[in-house]
There are 2 protein chains.
Amino acid sequence: MVQYRETRLDASFAALSDATRRGVLEQLGRAEASISQLAGKFHMTLTGMKKHIGVLERAALVTTEKAGRVRTCRLGVRALEAEATWIEGHRELWSARFDALDKIVEHLKSKERADARRKNR
Amino acid sequence: MVQYRETRLDASFAALSDATRRGVLEQLGRAEASISQLAGKFHMTLTGMKKHIGVLERAALVTTEKAGRVRTCRLGVRALEAEATWIEGHRELWSARFDALDKIVEHLKSKERADARRKNR
DNA sequence: TCTATACTGAACCATCCGGTTCAGTATAGC
DNA sequence: GCTATACTGAACCGGATGGTTCAGTATAGA
């Protein structure tokens, strides 16, 4: 039996799974932008881009603010923090296993070398 | 104009966007397991779990090997490496911005304090 | 006031997703 | 050889996704 309900992570990883949205994040990392600017840059209709922004906003990766006609998009504060934490937590698991594997391989190699020396004597 | 085609990342983030699959990764971090064992643990049909494993395998997060009737699943070597790299690369961007923000806030605060002192004089 | 711009929302479409059932194949063990 | 187990594959289902068009509202600026 396993606990598996972390909807915030669901939303963010889903948001990150689209190359256009990762591109938007990259873009917003350089400078804030309006929806129509982003739509232009990614060759997409305004409506299409607005949907992407909606996804990023729901995942709290982006925040937006409307002034007059223009909605300006910015990177969300604390964005990617939870995701990085999750991944790093699990990388530790992996790393431990790799280290163990490395040691075994190293051990085998040194044994091999010893055997070779013995043979050449 | 922006480059946005990195299908490997697409696949992994999509794989990670499902809580069941994240659970499976966690589980496989503790011990390797057969598909039916995983299916049992996550209250799902064999077929359903097999699909999840397929997704994880295509994202190279998991590898499997069939011996006799049983297909054993293990964490993939180098799993999560690319994903962590991407996220960390972008967190740097964020961090830089946060640091800048922190400085501004700090500046405003100290100014506020100075104003308060001046007023109280 | 008129017009161009910027967004918003509804509706539609094809495709994918998470899950199922059901029918099949292959192997372990008596 | 028989049977239970473990997987595989096809087909189906409802709902989400990524995109569009079209029609609307609101605001900036001449």
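All values below come from the heavy atoms of this structure, side chains included, with hydrogens, waters and symmetry mates left out.
- Following chains of ILVMFWY side-chain contacts shorter than 4.5 Å, one can reach I35(A) starting from V62(A), so the two form part of one hydrophobic cluster.
- Side-chain nitrogen and oxygen atoms of K50(A) include at least one within less than 4.0 Å of the OP1 or OP2 phosphate oxygen of dG9(C).
- Tracing side-chain contacts under 4.5 Å through hydrophobic residues (I, L, V, M, F, W, Y), one never reaches L38(B) starting from V70(B); they form parts of separate clusters.
- Contacts of L46(A) with the nucleic acid, taken as non-hydrogen atoms under 4.0 Å apart, include base atoms.
- Taking for each of S36(B) and K51(B) the nucleotide of DNA chain D with the nearest heavy atom, the 5'-most of the two is the partner of S36(B).
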request  = Could you go through the side chain to side chain contact (heavy atoms under 4.5 Å, CB included) check for R74(A) and E65(A) one step at a time?
outcome  = CA-CA 9 Å; R74(A) 294 186 197 80; E65(A) 193 185 358; 3.2 Å; yes
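- When the side chains of ILVMFWY residues are joined at heavy-atom separations under 4.5 Å, either directly or via intervening members, L28(A) and V55(A) end up in two distinct hydrophobic clusters.
- Judged purely by atom type and a 3.5 angstrom limit, R22(B) uses its side chain to pair as donor or acceptor with the backbone of L16(B).
- Listed pair T45(B) / dG19(C) fails the phosphate criterion, with no side-chain N or O lying under 4.0 Å from OP1 or OP2.
- For T47(B) and dT20(C), the shortest distance from a side-chain N or O to OP1 or OP2 is not below 4.0 Å.
- Regarding contacts with the backbone of dT17(D), every side-chain N or O of H52(A) stays at 4.0 angstrom or more from both OP1 and OP2.
- Between Q37(B) and R58(A), the residue anchored closer to the 5' end of DNA chain D is Q37(B), taking for each the nucleotide with the nearest heavy atom.
- Near DNA chain C, meaning a heavy atom under 4.0 Å away, the residues from residues 64-73 of chain A are K66(A), R69(A), V70(A), R71(A).
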